[in-house]
Every structure is written in C-alpha cells, then in structure tokens.
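Written out below as structure tokens is the structure these notes cover.
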Amino acid sequence: MRKITMVGAGNVGATAIQQIAQRELCEELVMIDVVDGLPQGKGLDMWESAPLLGSDTQVQGSNQMEAMKDSNVVIITAGLARKPGMSRSDLLDKNAEIVRKIVEDIVRYAPGAIIILVTNPLDVITYLSYKISGFDRSRVFGMAGVLDSARLRSFVAMELGVSVKDTQALVLGGHGDSMVPLPRYTTVAGIPITELMDNGTIEKLVNRTRKAGGEIVGYLKTGSAFYSPGASVADMVESVVKNKRRVMPCAAILDGEYGLKDICAGVPVVLGQKGMEKIVEISLEPAEMKALRDSAEEVKNDIERLKL
Ligand code: NAD
C-alpha cells in the first residue's frame with residue numbers, strides 16, 4: 001500500500017508508527033497530532049534511528065489534517081488515555097468529540113481509507129466512526145482483541161514456562177471489564193490450556209487478562225500501556241497491507257453474526273487488503289454467548305448516551 005497515516009502521536013501512536021516504519025509497510029508514512037512539534041520531533045527521531053534499524057521508511061510529522069490526503073489506511077489513537085481511577089466509559093464524551101472530527105476529516109481527505117480505531121472506549125468509538133464515516137463496515141474496525149489475546153498468551157507462557165510463540169488465545173467481546181476470554185480456544189502448540197492447567201489457575205490468568213490494562217495504569221500512574229498496544233496495531237496493519245488474511249479478534253460492526261446486529265463487539269475476523277474481509281463465527285457455549293451478549297449490551301448503553 002502507498003500511504004498510511006497515524007492520527008495521534010502519543011505513546012501508542014508513536015510506538016505503532018515506529019514498528020510500521022521498521023517493517024517498511026508503505027511508501028509514505030504520516031503522523032499527525034494537535035501538539036505543535038510533537039509529530040515532527042518524534043518523526044525525525046525515528047528517521048535518525050532508521051540507519052540503525054535498517055529501514056528506509058521516513059515518518060512525516062504534521063499538525064495539519066490535510067497531511068492524511070489519499071491515505072490507504074488511517075489509524076486513530078488521538079484522545080485522552082485513561083488515568084488511574086478512571087473507567088474507559090469516563091473517557092467517552094471527550095474522546096467521542098475528538099474522534100468525530102477526525103473521522104469527518106478522513107471522509108474529506110481520504111475517502112477510500114480503511115480506518116483502524118484504537119482510542120478508548122474502543123467499541124463505542126469504533127461504532128461512532130462507522131456511523132460518522134458512512135463507510136462499509138469492512139473498512140472500519142478497532143484494535144482490542146489482538147492486545148487482550150496477546151496479554152493472555154503472555155500470562156499462559158509465564159505460568160507454564162513455555163515460549164510465547166507456541167501460545168494462542170482468543171478473547172472476544174468488549175475491550176474492558178466485560179471482555180470474554182475463551183480458555184477452550186486458548187492453546188499451547190494446539191493443546192487447549194484446559195488440558196494443561198486446573199480451573200483455578202485458568203481463572204486467575206483470565207482475571208489478570210481482564211484487568212491487565214488497569215495493572216499497567218497502576219504502575220505507570222500517569223498513562224496507560226503502549227508497547228503491547230503499539231505492537232498489536234502494527235500486526236493488524238501488516239495483515240491488511242500485505243494482504244496476509246490473518247485471523248485476528250477485532251472490534252467489528254456486527255450484522256446478525258453471533259445473534260447481534262447494529263453493534264460493535266470483538267469477534268475473530270479475516271484481515272486483508274480490503275480490510276475486514278470476513279467475520280468468523282465459532283460455536284459458543286451458552287455461558288460464553290451470554291457473556292458476549294452482556295458485553296455488547298454495555299456498548300449499547302454507551303452508544304445510547306452518545307445519541308448517534
Ligand atoms: P497519549 O496521551 O500518549 O496520546 C494521545 C495523543 O492524542 C496526544 O499526543 C494528543 O496530543 C493527541 N490528540 C488529542 N487530540 C487530538 C486531535 N484532535 N488530533 C490529533 N491528535 C490529538 O495516549 P496513548 O497512551 O497514546 O493512548 C491513546 C488512546 O488509545 C487513548 O484513548 C487510550 O485509552 C487508547 N488505548 C487503547 C487501547 C486499545 O486496546 N484499544 C490500548 C491502549 C490505549
């Protein structure tokens with residue numbers, strides 16, 4: 001693909017962009033922020049690391065939204081990060097206002113783009129962006145499940161003393177306390193963890209995954225996680241740009257899948273050059289299905305607050 005733009009040059013945006021640059025995923029890479037000098041300074045710093053990292057992708061920093069013109073992919077990390085004691089829903093009103101304006105600019109300057117949302121609260125922000133853009137749902141989706149699954153994978157590897165490479169995990173539902181980790185579909189070299197750990201241990205890892213964002217906020221105090229979110233974004237972008245068609249859990253607009261309609265929820269999707277090319281429907285047990293529906297219900301409440 002020719003051009004990728006990141007809107008938001010904060011911790012997550014800059015971390016993702018550096019990985020995208022290092023993987024040489026596009027010809028033109030742009031980073032936009034409202035803070036004067038921030039995207040320019042970080043972009044230049046990254047370019048000066050390029051000779052060491054062996055990448056020829058230069059990051060153009062800008063404070064002008066027009067800089068995204070004709071981008072093939074636009075990622076949005078702009079907004080406020082969660083502070084200690086703040087829930088993702090507390091962020092809603094402020095971040096909805098910021099993202100609404102950015103999406104209007106995407107429609108104006110990059111109407112053919114695929115939009116990847118990162119800003120929290122992720123599911124409702126993704127739904128809002130879908131509505132404001134008027135784009136097909138295949139071109140508007142959010143990053144959450146890739147990160148939540150990576151977190152569960154890292155905890156499984158730590159618990160069993162095995163390589164993270166051999167772990168796989170599936171976390172569905174909303175990005176927050178109501179996420180739905182699926183131990184049955186969480187494996188080590190294809191072996192379900194239900195064969196490798198007792199229920200108490202699985203429950204402990206699942207709970208840690210659910211609270212993993214808050215655990216990092218608790219340490220950092222003035223911000224939230226960005227290394228793992230940045231890497232998650234870069235993996236999704238790579239699957240789109242290289243048309244890898246990886247199966248990744250993403251926040252997707254559902255149209256009847258999993259019995260849910262006109263709502264955004266985390267489900268496994270195939271990511272390729274057209275964006276979200278397919279939603280993969282897996283069979284869920286009644287309790288898992290209930291957890292997914294409850295999670296979607298929470299998102300619905302937030303959407304109603306926004307009066308879209
Ligand atoms: P950050 O504060 O480091 O960066 C946010 C950046 O957005 C700042 O540089 C700010 O100047 C910029 N910004 C604000 N308004 C803007 C606008 N209108 N246009 C352009 N830029 C604007 O925060 P962060 O740690 O990078 O987190 C960014 C967002 O991502 C937060 O909402 C956070 O909660 C969310 N997040 C989501 C996930 C996920 O899994 N979906 C994971 C981590 C963080």
Side-chain angles (χ1 to χ4, degrees), residues 5-19 30-43 61-68 74-84 86-106 109 115-129 141-152 171 173-177 179 209-217 219-236 248-252 264-266 299:
T5 294
M6 171 68 72
V7 186
N11 281 336
V12 178
T15 307
I17 278 295
Q18 194 189 17
Q19 295 205 16
V30 173
M31 184 160 62
I32 302 174
D33 201 285
V34 284
V35 177
D36 184 31
L38 183 73
Q40 293 87 345
K42 287 191 178 180
S62 176
N63 300 116
Q64 306 300 324
M65 287 296 165
E66 294 95 301
M68 69 167 71
V74 179
I75 309 142
I76 304 181
T77 61
L80 305 181
R82 201 156 50 122
K83 304 271 174 354
M86 202 178 183
S87 78
R88 283 192 172 86
S89 294
D90 291 338
L91 288 179
L92 175 58
D93 294 343
K94 192 73 203 143
N95 283 351
E97 191 187 315
I98 292 171
V99 172
R100 178 190 291 269
K101 292 206 182 86
I102 295 167
V103 172
E104 285 168 359
D105 281 329
I106 296 174
Y109 298 118
I115 309 178
I116 302 180
L117 284 308
V118 182
T119 304
N120 275 320
L122 190 269
D123 304 275
V124 58
I125 289 290
T126 302
Y127 183 86
L128 170 132
S129 305
F141 47 90
M143 186 288 287
V146 175
L147 169 62
D148 296 328
S149 302
R151 284 173 165 160
L152 181 52
V171 179
H175 183 51
D177 302 340
M179 72 178 71
T209 304
R210 218 172 245 132
K211 300 193 173 87
E215 186 179 358
I216 305 277
V217 171
Y219 282 120
L220 298 182
K221 297 185 181 66
T222 54
S224 56
F226 52 96
Y227 292 116
S228 51
S232 303
V233 170
D235 263 17
M236 286 171 67
M248 304 176 117
C250 297
C264 179
V299 177

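When a ligand or atom number is given, it counts from 1 through the structure's own listing order. In what follows, every heavy atom counts, from backbone to side chain, and hydrogens, waters and symmetry copies are set aside.
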Under 4.0 Å from any heavy atom of [X], which atoms of ligand 1 are there?
{"X": "Met65", "value": "19 (N)"}
{"X": "Leu147", "value": "40 (O), 42 (C)"}
{"X": "Asn95", "value": "32 (O)"}
{"X": "Val35", "value": "11 (O)"}

So does [Y] get a backbone contact from the side chain of [X], meaning a donor-acceptor N/O pair under 3.5 Å?
{"X": "Ser62", "Y": "Ala67", "value": "no"}
{"X": "Glu104", "Y": "Lys101", "value": "no"}
{"X": "Arg100", "Y": "Leu128", "value": "no"}
{"X": "Asn63", "Y": "Val35", "value": "yes"}
{"X": "Asp148", "Y": "Met179", "value": "no"}
{"X": "Asn11", "Y": "Phe226", "value": "no"}

Could you see which bit of [X] sits under 4.0 Å from ligand 1, with heavy atoms only: side chain, backbone, both or neither?
{"X": "His175", "value": "side chain"}
{"X": "Asp33", "value": "both"}
{"X": "Pro229", "value": "side chain"}
{"X": "Asp148", "value": "neither"}
{"X": "Leu117", "value": "neither"}
{"X": "Ala225", "value": "backbone"}

So, do Leu80 and Asn95 sit near enough that their side-chain heavy atoms are less than 4.5 Å apart?
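Result yes, sub-4.5 Å side-chain heavy-atom pair found.
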Of the options Ile17, Thr77, Leu38, which is the one that meets Met31 in a side-chain contact (heavy atoms from CB on, under 4.5 Å)?
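Running side-chain contact (heavy atoms from CB on, under 4.5 Å) over Ile17, Thr77, Leu38 with Met31 returns exactly one hit, Ile17.
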Scan Leu122, Thr126, Ile125, Val124 and name whichever one has a side-chain contact (heavy atoms from CB on, under 4.5 Å) with Cys264.
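Going through Leu122, Thr126, Ile125, Val124 one by one, the side-chain contact (heavy atoms from CB on, under 4.5 Å) with Cys264 is satisfied by Thr126 alone.
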Between Thr126, Asn63, Val12, flag the one that comes closest to atom 26 (O) of ligand 1 by a heavy atom.
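The option holding the nearest heavy atom is Val12.
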For atom 36 (N) of ligand 1, which candidate among Val7, Ile98, Asn120, Leu38 holds the nearest heavy atom?
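Shortest heavy-atom distance from atom 36 (N) of ligand 1: Asn120.
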Hey, does [X] come in under 3.5 Å of ligand 1, counting only N/O atoms on both sides?
{"X": "Ile32", "result": "no"}
{"X": "Gly79", "result": "yes"}
{"X": "Thr77", "result": "no"}

Check step by step if side-chain contact (heavy atoms from CB on, under 4.5 Å) holds for Ile75 and Val7.
CA-CA 6 Å; Ile75 309 142; Val7 186; over 6 Å; no
